[in-house]
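Heavy atoms only: backbone and side chains are in, while hydrogens, waters and symmetry mates are out.
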Amino acid sequence: MHRTGPAVRPASMADVPSLVDLRLANAVAHLALDPHTYRVPQREAVVRHFTAALADESGRSAVLVAEAQDGRVVGMVEVLRRPDPPEHQILRPEPSAEVHTVVLPDVRGLGVGSALLRAAQRWATDRGIRYLSAGIHHRNVDAVRFYRRHGHTDAGLSLGRRLDQGPWDRSSEPDDGGAEPGLAR
C-alpha cells in the first residue's frame with residue numbers, strides 16, 4: 001500500500017540524534033523570535049533529555065516522530081502530562097498535557113504537523129487526558145495559526161514582569177481603582 005503522508009510512530013532510541021537536531025533547530029528559530037526568552041541548549045543536555053524520556057516506561061509522556069517515505073525523521077511532537085493542581089489551589093483537577101510540535105522547514109505545509117498533532121491527540125485521549133495546551137510565543141505567528149487551525153483557542157493570559165529591569169513605578173500605570181486581583185467589589 002502506498003502512503004501519501006508521513007508515518008507517525010513512537011520515537012525510539014535510534015531517533016535521539018534526529019530529535020536533538022529538531023530541538024536545536026527549533027531553539028535557533030525561537031532565539032530569533034525573542035533572545036531574552038529563548039536560548040539554544042547544550043547538545044548533551046538535549047541528548048540526556050530525550051534519552052531519559054524514551055527510557056521512561058511510566059507512559060506518563062510521549063515523544064512521537066513523523067517519518068517521510070524515505071525514512072527521514074521530519075518532525076516530532078512531545079506530549080508532556082501535567083500534574084494535577086494541589087488540593088489547596090482553586091483550579092479544578094483535569095487530566096491535561098502540553099504539546100510541543102516541531103517540523104522541519106522543508107516539509108512545512110505538507111501535513112506533517114497535522115499528522116503529529118492528530119497522533120498526539122489520540123495518544124492523550126487513550127490515556128484519559130482531556131485537555132491539551134500549547135505554549136506559543138506571540139511572535140510565532142505560524143505556530144499560532146497552526147494550533148488555531150486545529151481547534152486550539154486562547155486559554156487565558158499569562159502576564160509577567162522582568163524584575164531585573166529597574167524598580168516598579170506605579171505612577172506610570174492607569175488607575176485601576178485600587179482593585180486587588182481575585183477580589184470582587
Audit row: V8, V65, side-chain contact (heavy atoms from CB on, under 4.5 Å) steps and yes/no: CA-CA 5 Å; V8 177; V65 295; over 6 Å; no
Steps toward side-chain contact (heavy atoms from CB on, under 4.5 Å) verdict (R127, R60): CA-CA 9 Å; R127 284 149 185 85; R60 184 161 178 80; over 6 Å; no
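Using a 4.5 Å cut-off on side-chain heavy atoms (C-beta onward), V73 and L22 make contact. No side-chain heavy atom of V103 sits under 4.5 Å from any side-chain heavy atom of F146. By the 4.5 Å heavy-atom criterion applied to side chains, L117 and H152 are counted as neighbours. The side-chain heavy atoms of P93 and P85, taken from C-beta on, include a pair separated by under 4.5 Å. Annotation: side chain of L80 is in contact with side chain of H100 (closest heavy-atom distance under 4.5 Å).
Taken from CG in D15 to CE in M76, the straight-line distance is 10.5 Å, to the nearest 0.5 Å. D84 contributes atom CG, which lies 11.5 Å from atom CD of Q89 (distance to the nearest 0.5 angstrom). Note that the NE2 atom of H150 and the OG atom of S114 stand 3.0 Å from one another [nearest 0.5 Å]. The structure places CD of Q121 at 11.0 Å from CG of L116, a figure rounded to the nearest 0.5 Å.
Residue pairs meeting the salt bridge (charged side-chain N to carboxylate O under 4.0 Å, His left out) criterion with at least one member in residues 132-148, sequence neighbours excluded: D142-R145, R148-D154. Residue pairs that meet the salt bridge (charged side-chain N to carboxylate O under 4.0 Å, His left out) test with at least one member in residues 94-105, sequence neighbours left out, are R82-E98, E94-R130. The list of ring pair (Phe, Tyr, Trp, His ring centres under 6.0 Å) pairs with a residue in residues 5-52, not counting sequence neighbours, reads H30-Y38, Y38-H137. Under the salt bridge (charged side-chain N to carboxylate O under 4.0 Å, His left out) criterion, the residue pairs touching residues 103-125 are R72-D106, with sequence neighbours excluded. For residues 32-54, every residue pair satisfying the salt bridge (charged side-chain N to carboxylate O under 4.0 Å, His left out) rule, not counting sequence neighbours, is listed here: D21-R43. For residues 53-97, no residue pair satisfies the ring pair (Phe, Tyr, Trp, His ring centres under 6.0 Å) rule, not counting sequence neighbours.
When hydrophobic clusters are built by joining Ile, Leu, Val, Met, Phe, Trp and Tyr residues whose side-chain heavy atoms come closer than 4.5 Å, directly or via intermediates, Y131 is not grouped with V77. V20 and V40 fall within the same hydrophobic cluster, where Ile, Leu, Val, Met, Phe, Trp and Tyr residues are linked whenever their side-chain heavy atoms come under 4.5 Å apart, directly or through other members. Under the 4.5 Å side-chain heavy-atom criterion for ILVMFWY residues, no single connected hydrophobic cluster contains both L91 and I129. Under the 4.5 Å side-chain contact rule for hydrophobic residues, I136 and L31 share a cluster.
Partners of V79 according to the side chain to side chain contact (heavy atoms under 4.5 Å, CB included) rule, which considers only residues two or more places apart in sequence or in another chain, are A62, A97, V99, A120, W123, L132. Taking T153 as the reference, nothing meets the side-chain hydrogen bond (donor to acceptor under 3.5 Å, both in side chains) condition, with sequence neighbours excluded. Not a single side chain to side chain contact (heavy atoms under 4.5 Å, CB included) links E87 to another residue, sequence neighbours left out. Partners of R81 under the salt bridge (Lys or Arg N to Asp or Glu O under 4.0 Å) rule, at least two apart in sequence or in another chain, do not exist in this structure. Remark: P41 engages L24, A27, V46 in a side chain to side chain contact (heavy atoms under 4.5 Å, CB included) (not counting sequence neighbours). Shown here are the side chain to side chain contact (heavy atoms under 4.5 Å, CB included) partners of P10, two or more places apart in sequence or in another chain: L64.
The nearest pair of heavy atoms linking M13 to P17 is O-CD, 4.3 Å. Closest of all the heavy-atom pairs between L19 and A11 is CD1-CB, 4.1 Å.
Around CD of Q42, the count of heavy atoms belonging to other residues, nucleotides or ligands within 6.0 Å does not exceed 12.
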